[in-house]
Amino acid sequence: MSVSHIDPQTLAPTDCGRGHACQFCPQEEQCQLDKGRHEKRLIESRLADIGQIIMVMANKGGVGKSTVSANVAAGLAAQGYRVGVADADIHGPNQSRFFGFVGQRVRLTNQGLPPQAFAYEGIEHPVRVGSLAFMMERDDTPIVWRDAYKHDFMHHLIGSFDWGPLDFLVIDMPPGTGNELITLADMLEGHDVAALLTTTPQEVALMDSLKAVRFCQERKLPLIGVVENMAGVTCPHCSGHFHVFPRAHLAAALAEVEVESIAQIPLSLALSSGSDTGVPVILSAPDGAEARAFAPAVAAVRAHGEAIFAEAAAASLHSLTQAGLEAPELEQALNAVAPEQRAALREQLASLLGNSQGPIH
């Protein structure tokens with residue numbers, strides 16, 4: 001067969017252009033298009049619009065992973081970032097509660113599943129929340145799925161939800177290092193992904209947390225640090241501070257695996273009731289002890305994201321110089337960078353260029 005007789009669609013198959021997975025489509029049974037290609041294109045198109053992905057992990061259940069996810073996401077949004085929260089905890093999808101969307105449902109469109117938009121005073125861009133809870137008839141319905149269904153939902157969570165452009169996507173992971181984590185780690189490989197580990201100082205929680213640390217190390221997944229939850233209590237009567245769980249063994253274990261503890265979150269009534277109010281405490285009480293405790297974790301995630309962005313931008317600008325662009329064109333490219341990142345990027349660029357084109361002002 002000559003080249004002229006090859007159907008162009010064989011080389012470049014058509015796609016329906018719908019922004020959701022084939023399983024949601026009423027045309028699935030009759031559709032003759034390449035379903036596998038569609039699913040792959042869908043996920044890649046979503047990820048192309050997302051800057052940094054933060055997987056909030058906790059190998060032990062009940063240590064406050066969802067609380068950390070919600071407050072870190074809200075803290076980033078309060079600083080002007082476009083943030084999404086993907087609720088990957090299939091058996092306990094609680095992000096709908098943390099952001100005040102209990103009982104809310106989403107309807108499928110050609111663009112996909114629309115995340116709920118959490119707006120709050122002072123937040124420039126609403127936090128976009130995607131959860132299995134928005135697809136269930138009742139909030140108390142148990143999810144009884146085998147791994148194949150969990151595998152599919154992880155793809156739906158990233159591909160079928162219409163996230164739009166985001167600076168950060170915070171993923172509230174289920175406990176353990178099982179199917180959901182492996183599926184997402186495989187799916188996101190090659191993208192800007194980092195982990196944030198949540199634990200309590202309790203011995204049994206620490207033992208499980210170290211398993212998650214080793215998972216990150218084996219997968220070469222950057223670990224920003226550990227957020228210690230339930231790290232001490234302030235007495236409401238005398239204001240004295242004491243620890244419910246001894247912390248010395250936690251500090252020693254983290255030092256041994258060379259992981260930094262970046263925040264210590266107290267055990268407090270305001271924090272525990274945050275999910276009931278539907279507003280993360282970092283927003284509802286920004287001057288409170290809980291918000292101050294979360295601040296280092298938010299700052300660490302932000303710093304990691306900015307470092308990755310600056311590195312990528314420097315590499316891109318270096319490519320521009322290799323293409324022979326002059327200083328005014330480089331300056332125009334620099335002006336597209338966020339002001340708070342521009343100075344650091346200039347220094348990196350100057351280091352890359354040396355004196356070959358003179359200073360970049």
Side-chain angles (χ1 to χ4, degrees), residues 1-53 55 82 84-91 93 95-96 101 104-117 128-138 141-166 169 171-174 178-193 219:
M1 179 186 293
S2 66
V3 174
S4 62
H5 288 95
I6 296 178
D7 184 353
Q9 299 303 328
T10 303
L11 301 177
T14 57
D15 191 88
C16 64
R18 297 177 189 240
H20 55 74
C22 297
Q23 292 92 325
F24 295 126
C25 187
Q27 306 298 323
E28 181 187 11
E29 291 186 5
Q30 297 84 13
C31 182
Q32 300 299 313
L33 299 178
D34 188 336
K35 295 181 175 61
R37 178 180 178 275
H38 170 71
E39 302 272 337
K40 183 177 180 181
R41 180 203 61 80
L42 193 58
I43 291 173
E44 289 176 347
S45 66
R46 300 295 190 206
L47 291 175
D49 283 337
I50 297 173
Q52 181 68 39
I53 300 171
M55 299 173 70
R82 299 167 299 178
V85 178
D87 195 348
D89 194 346
I90 291 174
H91 298 288
Q95 290 303 325
S96 61
F101 295 124
Q104 298 294 311
R105 302 292 179 262
V106 296
R107 298 181 65 86
L108 187 69
T109 71
N110 279 344
Q111 289 71 46
L113 295 164
Q116 298 286 359
R128 300 172 69 80
V129 184
S131 175
L132 179 60
F134 303 145
M135 304 165 66
M136 297 161 56
E137 292 185 6
R138 293 168 50 99
T141 301
I143 302 300
V144 187
W145 285 353
R146 296 188 184 276
D147 281 351
Y149 290 99
K150 296 179 182 182
H151 178 277
D152 287 346
F153 180 73
M154 291 301 105
H155 286 78
H156 297 328
L157 185 63
I158 301 300
S160 291
F161 274 95
D162 184 17
W163 295 108
L166 295 176
L169 177 64
I171 305 181
D172 182 4
M173 297 297 300
N179 184 75
E180 297 94 320
L181 176 58
I182 296 170
T183 300
L184 276 171
D186 289 344
M187 186 194 316
L188 301 175
E189 191 167 355
H191 296 274
D192 292 331
V193 188
R219 291 294 301 243

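Just so you know, residue 1 is the first one in the sequence shown, and it goes up from there.
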Legend entry - Validation row: Leu113, Leu108 side chains within 4.5 angstrom (heavy atoms): yes
Inset, instruction - Taking all non-hydrogen atoms of both residues into account, name the closest pair between Ala133 and Ser96 and its distance. - result: CB-OG, 3.6 Å
Legend entry - Backbone of Gly112 reached by a side-chain donor or acceptor of Thr109 within 3.5 Å: yes
Inset, instruction - Using side chain to side chain donor-acceptor pair (under 3.5 Å) as the criterion, list what pairs up with Arg107, not counting sequence neighbours. - result: none
Inset, instruction - Check for a donor-acceptor pair, side chain of Arg105 on one end and backbone N or O of Glu137 on the other, with a separation under 3.5 Å. - result: yes
Legend entry - Contacts of Arg219 that satisfy salt bridge (Lys or Arg N to Asp or Glu O under 4.0 Å) - sequence neighbours left out: Asp186, Glu189
Legend entry - Sequence-distant partners of Asp162, side chain to side chain donor-acceptor pair (under 3.5 Å), two or more places apart: Arg46
Inset, instruction - Return the minimal non-hydrogen interatomic distance between Ala88 and Ile171, and the atom names on each side. - result: CB-CG2, 3.8 Å
Inset, instruction - Can you see which heavy atom on Arg128 is nearest to which on Pro115, and at what distance? - result: NH2-CD, 3.6 Å
Legend entry - Closest non-hydrogen atom pair between Met136 and Pro93, with its separation: SD-CG, 4.4 Å
Inset, instruction - Assess whether atom CD of Gln30 is packed by more than 12 heavy atoms of other residues, nucleotides or ligands within 6.0 Å. - result: yes
Inset, instruction - Report the C-alpha distance between Leu184 and Met173 in whole Å, list the side-chain angles of each, state the deciding distance to 0.1 Å, and finish with yes or no for side chain to side chain contact (heavy atoms under 4.5 Å, CB included). - result: CA-CA 10 Å; Leu184 276 171; Met173 297 297 300; 3.5 Å; yes
Legend entry - Donor-acceptor under 3.5 Å (Thr141 side chain, Arg138 main chain): yes
Show the atom names and distances, to 0.1 Å, of all donor-acceptor pairs under 3.5 Å that link a side chain in residues 146-153 to residues at least two apart or in another chain.
residue	atom	partner	partner atom	Å
Lys150	NZ	His91	NE2	3.2

Legend entry - Leu47 CG to Glu44 CD distance, which is reported to the nearest 0.5 Å: 8.0 Å
Inset, instruction - Under the side chain to side chain donor-acceptor pair (under 3.5 Å) rule, collect the residues that match up with His38, sequence neighbours excluded. - result: Asp15
Legend entry - Atom of Leu42, atom of His20 and distance for their closest heavy-atom approach: CD2-C, 3.3 Å
Legend entry - Distance, nearest 0.5 Å, that separates CD of Gln52 from NE2 of His191: 12.0 Å
Inset, instruction - For the residue pair Trp163 and Phe161, categorise the inter-ring angle as parallel (less than 30°), tilted (30 to 60°) or perpendicular (more than 60°). - result: tilted
Inset, instruction - Measure the spacing between CZ of Arg18 and SG of Cys25 and express it to the nearest 0.5 Å. - result: 4.0 Å
Inset, instruction - Quick one: list whatever passes salt bridge (Lys or Arg N to Asp or Glu O under 4.0 Å) with Asp89, sequence neighbours left out. - result: Lys65
